[in-house]
Every structure is written in C-alpha cells, then in structure tokens.
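Below you'll find the structure, written out as structure tokens, and then a few comments.
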Amino acid sequence: MTWDLIWSSLGPILLGAVQATIPLALASFALGLVIALVIALMRISGNVLLSGIARFYISVIRGTPLLVQLFVIFYGLPNIGLKLEPWPSAIIALSLNVGGYGAEVIRAAILSVPKGQWEAGHMIGMSRAQTLRRIILPQAARVSLPPLSNTFISLVKDTSLASLILVTELFRQAQQIASVGGDFMVLYLEAAVVYWVICLVLSTVQSLLEKRLDRYVAH
Amino acid sequence: MTWDLIWSSLGPILLGAVQATIPLALASFALGLVIALVIALMRISGNVLLSGIARFYISVIRGTPLLVQLFVIFYGLPNIGLKLEPWPSAIIALSLNVGGYGAEVIRAAILSVPKGQWEAGHMIGMSRAQTLRRIILPQAARVSLPPLSNTFISLVKDTSLASLILVTELFRQAQQIASVGGDFMVLYLEAAVVYWVICLVLSTVQSLLEKRLDRYVAH
Amino acid sequence: MSPTSFRPQSGVFQPETVLRVAGLHKAFGTNEVLKGIDLEVPRGSVLALIGPSGSGKTTVLRSLNGLETPDGGTVTIGATSIDFSLGVRKQARAELRDRSAMVFQHYNLFPHMTVLQNVIEGPLQVQKRDRAEVVPEAEALLNRVGLLAKKDAYPFELSGGQQQRVGIVRALALKPQLLLFDEPTSALDPELVGDVLAVIKELAEEGWTMVIVTHELAFARQTADQVVFMDGGVVVERGPASEVLSNPRQPRTQQFLERVLHNY
Amino acid sequence: MSPTSFRPQSGVFQPETVLRVAGLHKAFGTNEVLKGIDLEVPRGSVLALIGPSGSGKTTVLRSLNGLETPDGGTVTIGATSIDFSLGVRKQARAELRDRSAMVFQHYNLFPHMTVLQNVIEGPLQVQKRDRAEVVPEAEALLNRVGLLAKKDAYPFELSGGQQQRVGIVRALALKPQLLLFDEPTSALDPELVGDVLAVIKELAEEGWTMVIVTHELAFARQTADQVVFMDGGVVVERGPASEVLSNPRQPRTQQFLERVLHNY
Amino acid sequence: GCSSSPASGTDSSLSDVTSKGELVVATEGTYKPFSYHEGGSGALTGYDVEIAEAVAAKLGVKAKFQETQFDGILAGLDAKRFDVVANQISINPDREKKYDFSKPYTVSSGVIVVKASNDSIKSFDDLKGKTTAQSLTSNWYKLAQQSGATVQSVEGWAQSVALLQQDRVDAVVNDKLTYLDFAKNTPNAGLKIAAETTDKSLSAFTLRKGSTALTEAINKALADLSADGTLSKISKKYFGTDVSK
Ligand SMILES: Nc1ncnc2c1ncn2[C@@H]1O[C@H](COP(=O)(O)OP(=O)(O)OP(=O)(O)O)[C@@H](O)[C@H]1O
Ligand SMILES: Nc1ncnc2c1ncn2[C@@H]1O[C@H](COP(=O)(O)OP(=O)(O)OP(=O)(O)O)[C@@H](O)[C@H]1O
Ligand SMILES: [Mg+2]
Ligand SMILES: [Mg+2]
C-alpha cells in the first residue's frame, strides 16, 4: 500500500520539480548572480554610500527569514499598490536572497585574487573596470564556484517556501497528497529523496565545472 | 492600533527568542561543531570507508530539507521504537545539520593551512594527531570563523522549524498571535526584526573574534 | 623574424633624456618613504637602482608606472610630464603608465590566459591595435626569448624563469619608451636566473631605456650605465656602475655592498 | 649564557659516522626521483648538497627527516638504522625523525605561537621535558642568535631573516644529532642572507653535524667539509668543498656551477 | 506507513491513557475559534480545546495539549506521540482508511466567501474556471475542485482573507464557523458569503486505527456531555448556536 502511494505520487511530485522547483531555482539563481555581482562591487567600491547600502542590504537579507521576505513581497507590497503574481514574487524574493548570500561569496573571491593581478592589469594600461572584467572576475569565478554551488543547493530547497505564495512546487505537491490521507511521513521522505537527487546532479555538474575552470587558479 | 499590537506582542516574541530560539541555536551549534569536526576529519582521513561515510552523510544532510530531517527524527524514529522529546529531537536534527554544513567548512579550512605547517609539526616530532590539534586546528579556526558564523546565522533562522516538533520559539509565538487577529504581516515583520537584531549581534561578536584570532593567519 | 620588433619605440618627439625625476616625495601615512628623489636616464641607457630592503626602490618604480601616486615632485617620461605637487588627474597618471612598462618580481602573469594571450592582451584591449599585426609581433618576441613553442601553454605549465621571460615580452609588446624591472630574478631558482638576465642584457645592448631594481651586483656592473644607491628614501650615492660598485665613497654604500656580497 | 646549550647532543653511543645513507631510492608514481644515493657524514662535519632544481636534493633531506618514505635503501643516523626496502614501520620513521631536525626554506614557523612558544613546543610537547629546564635553554639559544628581545613577538612581526634564525633555534632546541637545512636563505632578501649564514657557519664551527642544501656557493666553499653534486637523482660528483667547487671534474658539474655563478 | 496498521493483540489505547492520567491531545493552536491562544499569547483555548478538556474530565484524566502544524499533527498521531487529535478534522473516506474517528462534535456546512463587491459567484457551479484558496486541513478541497475551480493551498484562514482582499483569488471555500467568527471580530473586512453547501461536514476526534477502546470511551463521554448540555453550552459560547450536532 505504501509502495502504491509512493508510486502514484511520484508523478505529481516530479511534475512539481520540473514545472516549478527547477525553473524557479534556475531563474532565481541567474538573476541572483547579477544582483550578487552588483552588490559585491558596491561593497568593495571606495564609495562610502554605495558600500553602506550594500552592507545594509546584505545584513537584512541574511538576517531575516526568507519566509518573511516572501511574505512581504507577496502579501505586503500590494498594500503600497504593488501587486505581483506568485511566480514573479517568488523569483524576486529568491533572487534577492541569492544576491545577499552570493554578494559575500563574490566579494571574498574578488579579494582573494592577488593584488599583483590588479597591478599587472593597470601596468598594461587597463582601467579599473577593464581589469576587473578581463583579469579579476575570470579568476574570481573559479574561487567562488564551490560556495556558489552551495548557495544554489540551498536555493533548490528554499524554493519549497514558494508554496506559501501559491506556487505549487515539489514540496507542496507532496503536502497536498499527504493531507488527503495523512501520510506525511512517506511523502516527505519521498520529496526528500527527489531533492537529494537534484542536489546530487548539481554537485556532479559542479565538479565537472571545477575541473574545467581549474587552470584559472593553478599557478 | 498596529503599534499596540507590536508592543503587546513583543514580550511573547522576545520570550520565545530567549527561551527557545537562542538556547536551541547555541546548543545545536556547540554540538554541531563537534560533529562537523569529526566528519571533517573522517573526510580527510586516508581511510576509504570513513571518508565514504562522511561524504554520504554530508550529501544527505545538505541535499534534503531540514524540515524533513526534523520530521523523520521526531515523528519517524518512534516507529522504530526511538521516541525522543521535542527539545532533544530539535537539538539532534539541528546539530546534525550544522555538522553537515560545518564539516565542509572545517575541511576546507584544514586544507587551507599550508602543508609546511604539517611538516614543521612532524619535524619537531609530533604525531599526526598532535600536529592536527596543536598546529593545524588553531590556524584553521581563524579561517573557518567567517563561514561558520554564516552557518550559525542560518541556524538561528532555521530554529523556527522546531515549531513543527512542538517547540514554541520566536516565530511560532508570532504565528500564534497572528492567527487570532489575522495580522500576520505585522507579526512576521516584527519577528523578522528580532531575528535581524540577533544576527547583527552575532556578526558583531564575529568581527571581534576575528580581530582576536587575526594573528593566527597574519604571516 | 625581424629584429626590429625588439627595438624601442621611436616617437616623433625624441628628447635626449627619456626619464627625468625631480624631488619625488611619498609618504604612507606618517611613514615618509621617498624624501626627494632625483633621477635622469638618457635614451638607451640603463639605470640600476640598488639599496636595502625598505629603502623605497619599489615605490620609485611604482610611481613611474602610475601604480602609486607620489605626494610631490615631477616625473617626465618622453613628452609627458607630471607635477605631483599640483594634485594628479587620473588622465595624467594613465598617460605616464602608457609610456612605461613594468616587469614584476613575481611575474604576475594572468593565470587564465595562455602565454600568447598574456602578451597580446594590452596591445589588443588597451591599445586597440589590429590583431593581424599584434599576433605576429608577439610571436616574434616570444621566439626571441626562446618561448614560441610555449605560446599556447598556460603560465602554471612554465618554470619561473620561463614565466619571467613571458613577463618581459608582455612589457615589450606594449612598445613603451621606458622599461622598468623590479627585482626581476629574485623569485627565481638560481640556475634560472641566468636566462632572464641574459635577455635583459640583450635588451640593454639593443638600446632600450631601462630602470632595473636588482640585487645581482655582478649583472648590474656589466649591464648598467649608471648605478643609484638608495637608503631610507634618499639617494645616497650615484655614478657610473663600475665606480659605485667597486669603489663606493659613502660608508652606507660600502656596508650594504659588503652585506649583499656575504664576505665570509 | 653557557655556550654548552649550543653544542650538539652527546649520546652514549658515539660512532664516528653520524649519518650514513646507502642506495636510497624514491619514485613518485613513475617519476624516479632518487636513483640510489649514498652519503656519509662524520660527526662534526658539514656536507653541502648542491644541484639543479628537481635533482632530488629536497627529497633526500625529507627522507632523512622521515617526511618522505623512500622505496629502498638504508638510512643510519647515530644508533638508528632503517632499511627502507623492508617496508617501514611508523615507529622506525619516528625514531629517525627524533635524531634529526630540519630548517625549512620557508621557515614554517607556527604563526599562532610566539617565538619562544615555537622553540619550546617540541621539547615540551613531544620530548616531555621540564618547562623549568626548557625555557632557559630556549632563551639562551635565542640570545645566541640575537633574538632574545623578540621572544614574545609573533612570527609575522619578524623579518624573514629573523624568522629563519628562529627556525634554526627551533631545530637546535630539539638537540638533534644531525641538522638538516633546505636552502635556508633562498627565501630571504639578499641583505638578510648574511646574518643567517653567519649563524650556520658558527654552528659548523661548534661541531654540529649538518647537511645543507644551498645555492650559496661561496658559503659552501667556506663552511662545508664535503660537497655533493646531484643531478637527475644520482650523485654526479663528490669531494672536498674547495675541490668540487673550484675544479669540478664532471662536465655536468661545471655547467651547473657556471649557470649559478652567471658569468657574463 | 506501517505504524497505522492496527496493533496486533490487545487494544491498550484506553488503559494507557488512564494509567498515565492524561489524554495527549494534538491541536494547531493557530486556528481560531477552534484552537488558539487567548489574546494571541495567552492560554490555549477554543471550541475544540474546551471539548477535549471536557472529554478528558469525563475519562477521569487531564487533557495535555501539544501544538503543531497539520502535517505534524497526523504524523505525530502515527508516531504515538498523541492519543487523539482535536483540530476540526473532517471525516472523509480517505482518512477513515487510516484513522479511527469518534462521533462528530461539530456539524457545519461549507461556505463560499467572496468579496462583497463580487456578484459573479452565487453557487458552487459558478466556481468553474475560478481560483479558490483552501487550507490543507479542510475537507472542501474536493468540492471546489469538482466544481471546476483551480484550488490553491494556503497555510491558514488569515492568508485566505488576504488573498481575497487583494483579488488574488476569486473565492475561499471554508468552514462556515470560521467565517462567522471572523466576521464577528472583523466587521469591516468587505467579505460576504456567496453560497453554502448542502452537504454537512462532520468533524471529530481523530485516533490511531485500532484505538477502539479509547474511541468508545470518548464516544461515551461525548454522549454524556451532549446529554448534560455541556457541548451545547461550549458551542453557544463560541458560536451563539449549537453546532455540536
Ligand atoms: N602600500 C603601502 N602602504 C604602507 N607602507 C608601504 C606601502 N608600500 C610600501 N610601504 C613602505 O614603504 C617603505 C619602502 O617600501 P619599498 O617596497 O619601496 O622598498 P624596497 O626598497 O622596494 O624594498 P624591498 O627591497 O624589500 O623590495 C617600506 O617601509 C614599506 O613598508
Ligand atoms: N610530493 C611529490 N609528488 C610528486 N613529485 C614530487 C613530489 N616531491 C617532489 N617531486 C618531484 O621530485 C623531483 C625532485 O624534487 P626535489 O624537490 O627533491 O628537487 P630539488 O633538488 O630539491 O629541487 P629544488 O632545487 O627546486 O628545490 C622533482 O621532479 C619534483 O617534481
Ligand atoms: Mg621592492
Ligand atoms: Mg628543494
């Protein structure tokens, strides 16, 4: 009977993964990386105001529960006239979140590139922006890959919170099926296995990428 | 009226923080660090079996939702005759979680200590264990401080899941109050501010600690 | 290949003095590191800058290359002159930088680029020159230092001596009026030093104008026209290489030379 | 302070030869790095090991100190002898390690300990000696190299030359029968080299038995009794220092010496 | 899982409760007016809570309440962490396969709640093509779905209201009692009842399969409480009418 349940629920759960969890994670991560880069650059810019804003942003994002961030964006913003649909709300909240965590990762990676690389860039006549783009960031990319892939793995699991704002993803599917008959233990375990498989795939991709980028730091 | 609500609910929310959130986080973190250290050492030990177990542990912990882990420990284990009280269950689940994330941090920190330090330890006649304890770990401590403090900050917010297994912490208090008047937006924001303040305090402690430990890596 | 590509750039305006430094001052916080440095390097001549650690040699070079902003004094390279006491426009510093090129102690090659990419990055991306012209030039220069076969290798695949020769080629490819070397061999294994010094010596013979910070006194004696000994942020002694190195007049110079030569 | 503390440890069993190496082999994977090395160092004598980069010098030293496990050959230090072809017990390697002490190229001081703590860590934690005895001894040694005033400083507060002198004291405090130096000055600024070499030279004069890997040929000529030139994992030439360094018989030795001396 | 299968051998469900002197009752604690905290942070109270207390008293034991979310409530029952659930659990055939139910203590109907300005929904048939919000606990899920609505699960009533007020869903299908309580406390919410079900929903104490003795004892207690007017009194306190039958 339990096996029947697992089998019959696998379809909806995988559907939730494919239709919501994975696209939500991918979209939020892509957008989040852009935010993270911008915030990281603001943070290391000499400008007191910009770096102050970046610090505040990072502190708020990391210091408050994602659940509340989702709630504020979805249920709170309409009070000031900004009504976003569930998917945009989820992507915004999740990517702001990735932006906060990722900014610190990227900042640390940029700072880990030896100062001599900046100087060599300037020496051949590059501006600060040019050196950053062509010399520093490619090297920082390799350094930040492992922590960023951790951020991504967390993100995959965090997408489950999007169910609170009406996105029916993997975990919500499991919950709905479970609430009918009360088989929460079975369905949560099943959902956990699906998350685990997704994360295993991600880890494998990470290792492959790391190997490809390895020349960037081998010196 | 909203201010009245905020004011009157602040007491219970802070009580939840002081009676549950903070002690839960502290206990789980302390225990989690021990687990993390053991797993990290297993992972870098030459032993294929030990490092295999460690890898599997880390993969499962990081690849599955904490909610499910809590669920399994509290609601699942009684099915095989192991019935734990809410607090022990919460501390076990959370510290296993810290153990998984922390293990990778500690492992990276150990590996970041220059190989020459191991050799200098051996040169003065120390065994592997002695070198690890007296030479490597003190230096790894400084390196792992920032990522571990991130783990701790995440942990503080993750304690909110303990409400699922009957621990009335900060967030649960906010939920209870919100359920009466329906003001969940206000109360969630209030809870978020409390989390944020806790995290700010933690970050400050981290900076102070970093300064104290800085001589360990300045060379 | 044509040896032309190895020759210094010839501009329209050719003063006899390529580099002139006057009254250069620089402090880091309260630490006054340069206390008025004067230098003059004629076209095609080599100046060796020697002195104890912390005496300010690197700071001088970095100031010439616009990596450091002095608090006062003037630097003239070719047609560009900057008076740092007037407050410096970014533009002026960039111009200074364009006229000189530096070879670093730790090579500082770009680890994510091949040898060839390292060399052509500046000419292509900064000087916006034509790829069809830049690549053959770069290959010719690499060939000249014996590294054409390594053009598609990454820096980590090279020995230190090879990396430093790439560093030199990267600087040459910019066709600067002035070449700066900051202890170019001190990070190398002793047997690899020779190859790099030989390349530098050849450059000197071909007429490049150079300032070299070095502890290789035998090399300085052979290659440099002029030796300047700095200590504590001032020039203590200067003169023809053979004179300063063989018959130093100042006691500080004598003491320094003795220590570096480890006379047991 | 008593100069005694600076003297080598005298055991009960005192053979004339402190170190004997016979047929030492070591491969990393398929890369055969040592192809049968024989060495013999009498008590109180100094052997200088020279050779090009990658020739296996460091691997020899590390094998003597138990940091590397050779595939074959025997190493005898004082009363301890290990035949590596028999497969090595951890115990035997630890014994070997206890009889020698090494000074590293990059010092490898413990950055989280003060100078004094660095020196007494081995005697206290490993040799389980009495603190009341160890500390004065350590202080005497530090005084000897001119660093007693720095005993409470952390390594990062010291110059490279000072750090390396602490590295030497750390090794001496272990009272080993054999001192090993792996290019002890090659990471130092040229003017700081002298101080460190002077300390090593004094140790030689006081009768310590030492093996020194170095590129400082002038120093080797003055200090070493015996010079061994290695290349490609074999001993190419050996003999009295002045002979090998001044009149090398093997072409490979001649070539190497030429390169290191950069004869322009 | 297997934990739901009836315990083989003797049924100790009642004797366990009497011997430890307490009836462990699981409830959400955030479900007004059935199970909530007085004033938000005061003592646990509510319709279900008081009835559970009365039943426990009849059994001669104390009621000990454990609060958690709906998923934890049922999983905890499986894990023998609770003896009984008092949280307006509606009886349905799926749940009856897995759990034992007492006699119902709440008889209520479902209502469609819409914004006061909404005139397009007047019956369940009108839900076709509309979006409704629905909490996981409730039994109206199927009804709305069968009427052709897209059903969104939400965590509780408060969010359902927010979704309605923000025009994010067209209707909420919920227990009538919940709505009435809400309307009493929040008269200006701008919501109204658009339709009511003809079917009644029956809520009861939920027990592990095989807790026959305890179920019977609770049934007897409920019958006694009904007879002596206690149920009716509690019901009137919360709803103004008797919803216990
Ligand atoms: N960025 C900086 N901030 C603060 N002080 C600096 C900085 N760069 C150099 N200094 C100080 O300036 C002084 C001169 O340094 P500089 O590197 O020019 O000496 P140097 O002659 O090149 O020495 P070395 O032979 O060790 O390279 C030193 O005391 C150094 O500590
Ligand atoms: N741990 C290791 N794994 C693999 N190969 C190694 C290892 N250590 C040394 N080798 C190789 O062994 C050879 C000898 O190295 P070794 O360090 O002994 O040379 P060396 O004479 O000390 O050179 P140098 O003057 O550069 O210090 C080199 O080819 C080196 O790449
Ligand atoms: Mg310098
Ligand atoms: Mg070596």
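Naming convention: chains lettered A, B, ... in sequence-line order (proteins, then strands); numbering from 1 in each chain.
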| task | With B:Met123 as reference, evaluate D:Asn108, D:Leu174, D:Leu180 under the side chain to side chain contact (heavy atoms under 4.5 Å, CB included) test and give the passing residue. | result | D:Leu174
| said: Would you say that more than 12 heavy atoms from the other residues, nucleotides or ligands in this model lie under 6.0 Å from the CD of D:Glu133, or not? | reply: yes
| task | Pick one of side chain, backbone, both or neither for D:Phe104, based on which atoms fall under 4.5 Å of a heavy atom in chain B. | result | side chain
| query | Counting distance only, does the side-chain N/O of D:His112 pair as donor-acceptor with the main-chain N or O of B:Arg134 below 3.5 Å? | reply | yes
| Min side-chain heavy-atom separation D:Met113-B:Pro138 under 4.5 Å | no
| request: Compare every heavy atom of B:Gly125 with every heavy atom of D:Arg97, then report the nearest pair and how far apart it is. | output: CD-CA, 4.2 Å
| message | Other residues, nucleotides and ligands only: do more than 12 of their heavy atoms fall within 6.0 Å of CZ on B:Phe56? | response | no
| Distance-minimising heavy-atom pair for B:His122 and D:Leu67 | CB-CD2, 3.6 Å
| Is a side-chain donor or acceptor of D:Glu121 paired with a backbone partner of B:Ile135 at a separation under 3.5 angstrom? | no
| request: Give a yes or no on whether D:Arg20 atom CZ has more than 12 heavy-atom contacts from other residues, nucleotides or ligands under 6.0 Å away. | output: no
| request: Name the region of D:Gln127, side chain, backbone, both or neither, that has any atom closer than 4.5 Å to a heavy atom of chain B. | output: neither
| Mind checking what makes ring pair (Phe, Tyr, Trp, His ring centres under 6.0 Å) contact with B:Tyr101, not counting sequence neighbours? | none
| How close do B:Ile124 and D:Val126 get, heavy atom to heavy atom, and via which atoms? | O-CG2, 3.5 Å
| said: At a 4.5 Å cut-off on heavy atoms, which part of D:Ala94 comes close to chain B: side chain, backbone, both, or neither? | reply: neither
| request: Identify the two heavy atoms, one from B:Ala120 and one from D:Phe110, that lie closest to each other, and give their separation to 0.1 Å. | output: CB-CE2, 3.6 Å
| query | For B:Glu119, is it the side chain, the backbone, both, or neither that has a heavy atom closer than 4.5 Å to a heavy atom of chain D? | reply | both
